[in-house]
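Below is one structure, written out as structure tokens; the observations come after it.
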Amino acid sequence: MYKTIICRYHEIATKGDNRSMFEEKLVDNMKYQCASLENIFFKRVRGRIYIRKKDASAFTEEELQTIREGLHRCSGLESFSPALECRPDMEEICSLVEQSIHEHFDPVLAVRPRVEFRVRARRSDKTFPLCSREIEIAVATRIEKLFGEEHLKVNLTHAEVTVGIEVRDVNALVYYTSYPGAGGLPVGSNSPVLALLSGGIDSPVACKLIMNRGCHVDYLTFHSYPYTPMESLEKVRRLAAILNRHQKPGTLYACNFSEIQKKIRDVCNPKFRTVLYRRYMMRLANMICRRKRLYAIVTGESVGQVASQTVINLGTIGNAAEYVVLRPLCGLDKMETIRRAEELGTFQTSIEDFPDSCTVFAPPSPSVAARLYRIEAEEALLGDMTELLERAYETLEISVDR
Ligand code: ATP
Ligand code: MG
């Protein structure tokens, strides 16, 4: 029945001269998400992208399901609707609505005396004899004739059923359902980044948020084998695999951090350990960004959540980074982050209880105000760490998961 899927974007539409680049990236991502369907094609038409079948047949329910799942993950896409098609003629549009509307109104009328509905029309062909408002009135009048006024109520804000109509110069489309895409901007439309991915709840959510701003994400995780079990790393691998469903697979870099931690434990004041660990994590992230051509470091830090995330400590940690540090969760509260982790499908994995690298040799009362001059004095005690950093870099293990 549905031969076309209308796909809409929002933020891209505000772009100027380089809008075409954003649209190409979006189509690229959509194709990737629907790659298992070989018999479809994508067509860009002013402000919309259409998906159709190469043989012009209707989508099967299974194909629609695959497309729904894929496009829901597609950043840059606002919403999409399976649509029916006819010629751009008012009589044809009305009779297409009359034929198809029962499927949507009858289930409501079976349980309630009235359907609350609205008609939403959009006319991109300005030579069409009726304007959008007039199309809406004409279609609503036909619907009233069909069901009787007593069974209907127009509700422009909270309609149970929306009858959508788009009129173009070559065709008209009628749809009833809109599904959400991931919104934001398409992955690949901004520079690639490196995310510090722990096994916790926060960093996977940070990765997804930054993908939605157009950045392809590679991941860096630190483990402290043998002080943390290999299961901790395996858990991060599974988180990366979930995240990779939302973009062309990013690489997971895993680095053994235990030698650096031991050195910090042996030489420095225990209350500064966590901040010192973080600064060395940043330095390894710098090396990877430089060598793998990535342009920002993403973390799941928020403000004030734990001792290492006071404003002063975040400043001291960020100071060791040579790249801009993006902290997409900065202003979110924990409940909101948890809600997003559940939606993303990472929450259940994140709460599996394995020790994290950061908890190794963690002090009982870490400093909440590790000022830079104090930390630099601690780092002076460590001496030249270049060799330890290079040795940690050599432990880099690489895997790509999907
Ligand atoms: P998360 O739930 O993401 O672990 P958190 O609230 O537990 O965050 P911390 O454990 O202090 O906070 O970590 C803050 C951020 O530092 C993480 O979001 C992550 O970006 C980075 N990070 C911490 N531990 C690691 C690790 N072992 N490997 C890679 N990155 C890490
Ligand atoms: Mg953590």
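The figures that follow rest on heavy atoms only: side chains count, while hydrogens, waters and symmetry mates do not. Keep in mind it's a predicted model, so treat the numbers as computed, not measured. Both ligands and their constituent atoms are indexed starting at 1 by order of listing. For reference, positions follow the sequence shown, starting with 1.
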> Are any of the heavy atoms in R278 under 4.0 Å away from ligand 1?
Replying inline: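 For ligand 1, residue contact (heavy atoms, under 4.0 Å) with R278 is present.
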> Touching ligand 1 at all, L220? Heavy atoms, strictly under 4.0 Å?
Replying inline: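 The answer is yes, since L220 has a heavy atom less than 4.0 Å from ligand 1.
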Return the closest protein heavy atom for [atom] as residue, atom name and distance.
| atom | answer |
| --- | --- |
| atom 7 (O) of ligand 1 | D202 OD2, 4.6 Å |
| atom 1 (P) of ligand 1 | S198 OG, 3.3 Å |
| atom 27 (N) of ligand 1 | F222 O, 3.0 Å |

>> Taking 4.0 angstrom as the limit and counting only heavy atoms of T221, give me the atoms of ligand 1 inside it, by number and element.
In response: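 Selected atoms, number and element: 28 (N), 29 (C).
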Quick one: do [X] and [Y] make a salt bridge, cutoff under 4.0 Å?
| X | Y | result |
| --- | --- | --- |
| R68 | E63 | no |
| E69 | R73 | no |
| E390 | R291 | yes |
| E231 | K235 | no |

>> Rounded at 0.5 Å granularity, tell me how far CE in M1 sits from OG in S100.
In response: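 Rounded to the nearest 0.5 Å, the CE-OG separation comes out at 7.0 Å.
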> How long is the gap from OG1 on T337 to CD on E342, to the nearest 0.5 Å?
Replying inline: 11.5 Å
> Is it the side chain (CB and beyond), the backbone, both or neither of S203 that lies under 4.0 Å from ligand 1, heavy atoms counted?
Replying inline: both
> Heavy atoms only: which of E301, Q305, R327 is nearest to atom 15 (C) of ligand 1?
Replying inline: E301
>> Can you check atom 3 (O) of ligand 1: any protein non-hydrogen atom closer than 4.0 Å?
In response: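 Yes, at least one protein heavy atom sits under 4.0 Å from atom 3 (O) of ligand 1.
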